[in-house]
Amino acid sequence: MSVYDILEERGYIEQNTHETELREVLEKKNISFYIGFDPTADSLHVGHFVQVMVMMHMQKAGHRPIALLGGGTGMVGDPSGRSDLRQVMTTATIDQNCENFKNQLSRFIDFSEGKAICVNNADWLRDLKYIDFLREVGSQFSVNRMLTAECFKSRMEHGLSFLEFNYMLMQSYDFLELYRRYDCQLQLGGNDQWSNILGGVDLVRRLDQGQAFGMTFKLLATSEGTKMGKTAKGALWIDEEKTTPYEFYHYWRNIADADVENCLALLTFLPMDEVHRLGALQDSKINEAKEILAFEITKLIHGEEKAKKAEEAERALFSKNGAVGEVPSVEMSEADFKDGMNILDVYIKVGLISSKGDGRRLIQQNGIKIKGTAITDFNYMITLDDFEDGKLLLQKGKKAFKQIMIQG
RNA sequence: GGGGAGGUUCCCGAGCGGCCAAAGGGGGCAGACUGUAAAUCUGCUGUCUACGACUUCGAUGGUUCGAAUCCAUCUCUCCCCA
């Protein structure tokens, strides 16, 4: 079974520039391909992870991944799928983000012995000569055509700066550069990158008469079409400092039934017959599938040990016997509770609520529980008597927990 | 460069001198129901030392007993013309 078939079967593929040719090339030889990551944040998130999964599949099949960090394109900002102007970032931030991306990517992709390459387009984009660039690359693009591209449509109403308009050329030029430097023949990306990818494919074909291909993948979305991997705090980050393994696990444990199969296929390496079997489970049985999904993804990203801990914590909390496992915990000192501490202050301190007003509302709605019983008094004081073995489990609603550990 | 329209709470979007912490929707949170899901229904959704006080309607100054609402300057965005 070829990689193409695998990618197709698992539901990654959305669009394709030259399907039959590409299929053939992928089967007959090992090629270099690239995926670009613009350093828009200090960590990758699950959205990126779909791309990373594809890279892993491709690498397994013997193709050489090129991870392209957008140190240059990040300075321009991709307007695709954006309704507003991107925040312009400083060069220092961009470089730092690139560094983080690189470290994270190397956990999934094997960069040893030239099995994969990591490059930064800052290396060639930042020193471009404007006139030269316009003459070589700019002349190949038709503004009329560009304007009809889907990615600019939404911006036609809200406004699009010339800076961002150039993004497509930059990305296209990347492909050309990688084609020339590393014989890179294929660009992959999320479906929002379709027009940018097409631009590159065309450019390589026109200027170098090269055989270049493009392919896009489904964006991670729920069955209802909304973006996936969003939490109240923002994205689901790969960096465990930004999204703890527990939070991460919890997210997948809680997804909608309809999304289980899709996520298993895209975000785990489980064999497809297993994926189908799990996805077909009905009613409460699908919880089994959700547990597996959550465990597998967490394992991929944070390692088996942390995934197990997260799983134990989750099980313990919801199995009603009150056993406390590896819940996110906060350390506080004994002195804090000597004279008692107001419940609202405690909840703010551990980060379960954002303000006292928020806490008061929750209390009125029976949303705050300690030791399994709802608190009804705003003035409830938490004292050392509430602790057992130096631990106290705080609960907010049904699903949010935090544990306080007394130290010292 | 000229002309016009705008910037409202997490988002969209009403309000256009006091009745405005600001309609409505979305999102979020909680409760009921359930399978820890979805859908549905209900409540909440600026902060606090809380029947009151304080901070918010692009920014800064001003007019007024009183401003999100009026005036001036600034700033940003969009549209039309060149």
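On a predicted model such as this, the values are computed, not experimentally measured, just so you know. All chains are named by letter (A, B, ...) in the order of the sequence lines, taking the proteins before the strands, and each is independently numbered beginning at 1.
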Measure from CD on A:Glu314 to P on B:U36 and round the result to the nearest Å. 11 Å
Pick the P atom in B:A39 and in B:C20, then give their distance to the nearest Å. 34 Å
Can you give each donor-acceptor pair under 3.5 Å made by side-chain atoms of residues 296-306 of chain A, sequence neighbours left out, with the distance rounded to 0.1 Å?
unit_1   : atom_1 : unit_2   : atom_2 : d
A:Thr298 : OG1    : A:Ala294 : O      : 2.5
A:Lys306 : NZ     : A:Glu240 : OE1    : 2.9
A:Lys306 : NZ     : A:Glu240 : OE2    : 3.4

Check: A:Asn121 side chain, A:Gly72 main-chain N or O, donor-acceptor pair, under 3.5 Å: yes
Need one value for A:Lys285: base, sugar-phosphate or nothing, where a base atom within 4.0 Å counts as base even if backbone is also close, heavy atoms only. nothing
Taking A:Thr244's backbone N and O only, do any of them form a donor-acceptor pair with A:Glu247's side chain (distance below 3.5 Å, no angle check)? yes
Are OP1 or OP2 of B:G46 and a side-chain N or O of A:Arg361 less than 4.0 angstrom apart? no
Nearest-angstrom distance from the residue atom OH of A:Tyr251 to C1' of B:U36: 15 Å
Options B:A30, B:A37, B:C48, nucleotide nearest the side-chain atoms of A:Asp257: B:A37
Give one of base, sugar-phosphate or nothing for A:Ile286, where a contact means two heavy atoms less than 4.0 Å apart. base
What is the distance, rounded to the nearest whole Å, between atom CD of A:Gln395 and atom C1' of B:A30? 12 Å
Rounded to the nearest Å, what distance is computed from the CD atom of residue A:Glu288 to the P atom of nucleotide B:U36? 16 Å
From C-beta outward on A:Asn254, which listed nucleotide comes closest to its side chain: B:A37, B:G35, B:C33? B:A37
Between B:A59 and B:A68, how far is it from one C1' atom to the other, in whole Å? 14 Å
Among B:A37, B:C48, B:A30, which nucleotide sits nearest the side chain of A:Leu362? B:A30
Sequence neighbours excluded, which residues qualify as side-chain hydrogen bond (donor to acceptor under 3.5 Å, both in side chains) partners of A:Asn262? none
Please report the distance, rounded to the nearest Å, between OH in A:Tyr246 and P in B:U36. 14 Å
Does A:Arg253 get its side chain close enough to the base of B:U36, under 3.5 Å, for a donor-acceptor pair? yes
Using atom CG of A:Asp345 as one end and atom C1' of B:C48 as the other, report the distance to the nearest whole Å. 12 Å
State which residues pass side-chain hydrogen bond (donor to acceptor under 3.5 Å, both in side chains) with A:Ser2; sequence neighbours excluded, sorted by chain then number. A:Asp5
Please name all residues satisfying salt bridge (charged side-chain N to carboxylate O under 4.0 Å, His left out) with A:Glu274, sequence neighbours left out, ordered by chain then number. A:Arg277
Got a list of protein N/O to nucleotides 52-58 of chain B N/O distances below 3.5 Å?
none

Secondary structure of RNA chain B in dot-bracket form (Watson-Crick or G-U wobble, distances below 3.5 Å, | marking inter-strand pairs): (((((((..(((.....[.....)))((((((.......))))))(((...)))...(((((..]....)))))))))))).
Quantified in whole Å, what is the C1' atom distance between nucleotide B:U45 and nucleotide B:U9? 11 Å
Whole-Å C1' distance, B:G24 and B:U8: 14 Å
Qualifying salt bridge (charged side-chain N to carboxylate O under 4.0 Å, His left out) pairs with a residue from residues 371-382 of chain A, counting only residues at least two apart or across chains: A:Lys371-A:Asp386
Here the ring pair (Phe, Tyr, Trp, His ring centres under 6.0 Å) pairs for residues 347-399 of chain A, sequence neighbours left out, are A:Phe337-A:Phe387
A:Gly340 backbone acceptor or donor facing A:Thr383 side chain under 3.5 Å: no
When you get a sec, tell me which of B:U47, B:A30, B:A37 is the closest nucleotide to the side chain of A:Lys396? B:A30
Syn or anti conformation of B:C74, syn meaning chi within 90° of 0: anti
Nearest-Å distance once atom P is located in both B:G27 and B:G18: 32 Å
On RNA chain B, compare the nucleotides closest to A:Asn366 and A:Lys398; which residue's is nearer the 5' end? A:Asn366
Is the A:Tyr182 to A:Tyr34 ring centre distance short of 6.0 Å? no
By nearest heavy atom, map A:Lys399 and A:Ile368 onto RNA chain B; which one lands nearer the 5' end? A:Ile368
Integer-rounded Å distance: B:U77 P and A:Glu164 CD: 11 Å
For residues 32-60 of chain A, which residue pairs pass the salt bridge (charged side-chain N to carboxylate O under 4.0 Å, His left out) check, not counting sequence neighbours? A:Asp42-A:Lys242
In whole Å, what is the span from the CD1 atom of A:Ile255 to the P atom of B:A39? 14 Å
Among B:G35, B:A38, B:A30, find the nucleotide with the atom closest to the side chain of A:Ala256. B:A38
What residue pairs, at least two apart or across chains, pass salt bridge (charged side-chain N to carboxylate O under 4.0 Å, His left out) with a residue in residues 198-209 of chain A? A:Arg145-A:Asp202, A:Arg180-A:Asp208
Of the residues in residues 351-358 of chain A, which ones touch RNA chain B at a heavy-atom distance under 4.0 Å? A:Ser355, A:Lys356, A:Gly357
Euclidean distance for C1', B:A21 against B:U47 (whole angstrom): 11 Å
Rounded distance in Å between the P positions of B:C48 and B:A32: 26 Å
Report yes if the distance between the aromatic ring centroids of A:His63 and A:Phe33 is under 6.0 Å, otherwise no. no
Going by salt bridge (charged side-chain N to carboxylate O under 4.0 Å, His left out), name the residues that satisfy it together with A:Glu261, two or more places apart in sequence or in a different chain. none
Using atom P in both nucleotides, what's the gap between B:A67 and B:C54 to the nearest angstrom? 13 Å
Looking at every strand, decide which applies to A:Asp283 at a 4.0 Å heavy-atom threshold: base, sugar-phosphate, or nothing. base
